[in-house]
Amino acid sequence: MFKTIRFLKHPRKLRHSPMRRWFARHFLDKRVWKPTQHTLSGGMAVGMFITLQLLPIQMPTATILAAIFRVNIPIAIALCWVSNPLTVPFMAWVEYAIGKWVLALYTTVPTSPFPTHLPESMVEAWIVLKEHAPVMLVGGIILGAAVALVSYVATWGCWEIGVRMETAKKMKEMKTTAV
């Protein structure tokens, strides 16, 4: 594995291939794999935002966004598992409610109720998707942005509290050993 990384990061190889240069700059950077205050908080934000989008390709999307923003990739990928078959119905309901409320302020919203069962044919599925997908998209983006902001601030604050507690503990130990 290390030989592959050295091969990909070799200056001669990077100079001739813009794709390899982008890949090395974003995916082979040690900061995106080792948690620091910034990368962990950013990875939490990216992961939570993508989790609330209810996309079928959450993990690749989280990986690419985490690499672009240079935040912790493993955390962003791990948080995609928050949206699982047990949590998706609740998340979809909340996204739909938020999307319907926001869209009602600016435009018309679907009058038919959100389906409680799976459509029986592809035509029914397409009609339901065409009518309710924009509402879910708006709700997902708004909810995802809010939860991403809260998770970033909470993770940053928890890291800061941990660092301060560790510093206070070291200072206390230094005082007890000095006396």
Side-chain angles (χ1 to χ4, degrees), residues 23 26-163 165:
F23 180 82
H26 289 87
F27 285 98
L28 301 179
D29 187 4
K30 292 177 186 174
R31 291 176 290 181
V32 299
W33 299 100
K34 181 181 176 188
T36 62
Q37 187 174 16
H38 168 70
T39 62
L40 182 69
S41 300
M44 292 283 288
V46 166
M48 290 307 290
F49 180 78
I50 295 299
T51 294
L52 292 168
Q53 298 313 309
L54 300 180
L55 299 169
I57 52 168
Q58 287 180 335
M59 289 174 51
T61 307
T63 304
I64 292 169
L65 281 177
I68 289 171
F69 291 123
R70 293 194 184 171
V71 296
N72 195 289
I73 292 173
I75 294 296
I77 292 172
L79 284 174
C80 289
W81 288 92
V82 169
S83 62
N84 57 49
L86 297 176
T87 60
V88 164
F90 175 72
M91 290 172 24
W93 179 77
V94 170
E95 285 180 11
Y96 188 77
I98 291 172
K100 194 169 184 176
W101 178 71
V102 169
L103 286 178
L105 298 173
Y106 300 106
T107 185
T108 60
V109 292
T111 56
S112 64
F114 193 73
T116 56
H117 64 282
L118 293 175
E120 295 177 11
S121 69
M122 281 303 281
V123 175
E124 286 181 33
W126 180 254
I127 291 170
V128 167
L129 183 66
K130 183 180 174 188
E131 189 173 0
H132 296 288
V135 176
M136 299 256 325
L137 179 67
V138 169
I141 290 172
I142 292 170
L143 185 64
V147 170
L149 179 65
V150 168
S151 67
Y152 184 87
V153 171
T155 306
W156 187 277
C158 288
W159 186 286
E160 192 67 33
I161 289 169
V163 167
M165 287 174 60

Identify the heavy atoms of [X] and [Y] that sit nearest to each other, and give their distance.
| X | Y | answer |
| --- | --- | --- |
| Ala62 | Ala76 | CB-O, 3.8 Å |
| Gly140 | Gln53 | O-NE2, 3.0 Å |
| Val32 | Pro74 | O-CD, 3.7 Å |
| Gly139 | Ile98 | CA-CG2, 4.2 Å |

Test item: [X] and [Y] side chains (from C-beta on) under 4.5 Å apart, heavy atoms:
| X | Y | result |
| --- | --- | --- |
| Val147 | Phe49 | no |
| Met59 | Trp81 | yes |
| Met44 | Tyr152 | no |
| Leu54 | Met91 | yes |

Positive for side chain to side chain contact (heavy atoms under 4.5 Å, CB included) with Leu52, one of Leu143, Val82, Leu79, Ile141: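 The single option meeting the side chain to side chain contact (heavy atoms under 4.5 Å, CB included) with Leu52 is Leu143.
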
Working to the nearest 0.5 angstrom, can you tell me the gap between [X] [atom1] and [Y] [atom2]?
| X | Y | atom1 | atom2 | result |
| --- | --- | --- | --- | --- |
| Ile64 | Ile50 | CD1 | CD1 | 10.0 Å |
| Tyr96 | Lys100 | OH | NZ | 4.0 Å |
| Glu95 | Phe90 | CD | CZ | 10.5 Å |
| Lys34 | Thr39 | NZ | OG1 | 9.5 Å |
| Ser41 | Ile75 | OG | CD1 | 10.5 Å |
| His38 | Trp159 | NE2 | CH2 | 12.0 Å |

Hey, could you give me each pair passing side-chain hydrogen bond (donor to acceptor under 3.5 Å, both in side chains) that has a residue in residues 63-75? Not counting sequence neighbours.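 side-chain hydrogen bond (donor to acceptor under 3.5 Å, both in side chains) check on residues 63-75 returns no pairs.
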
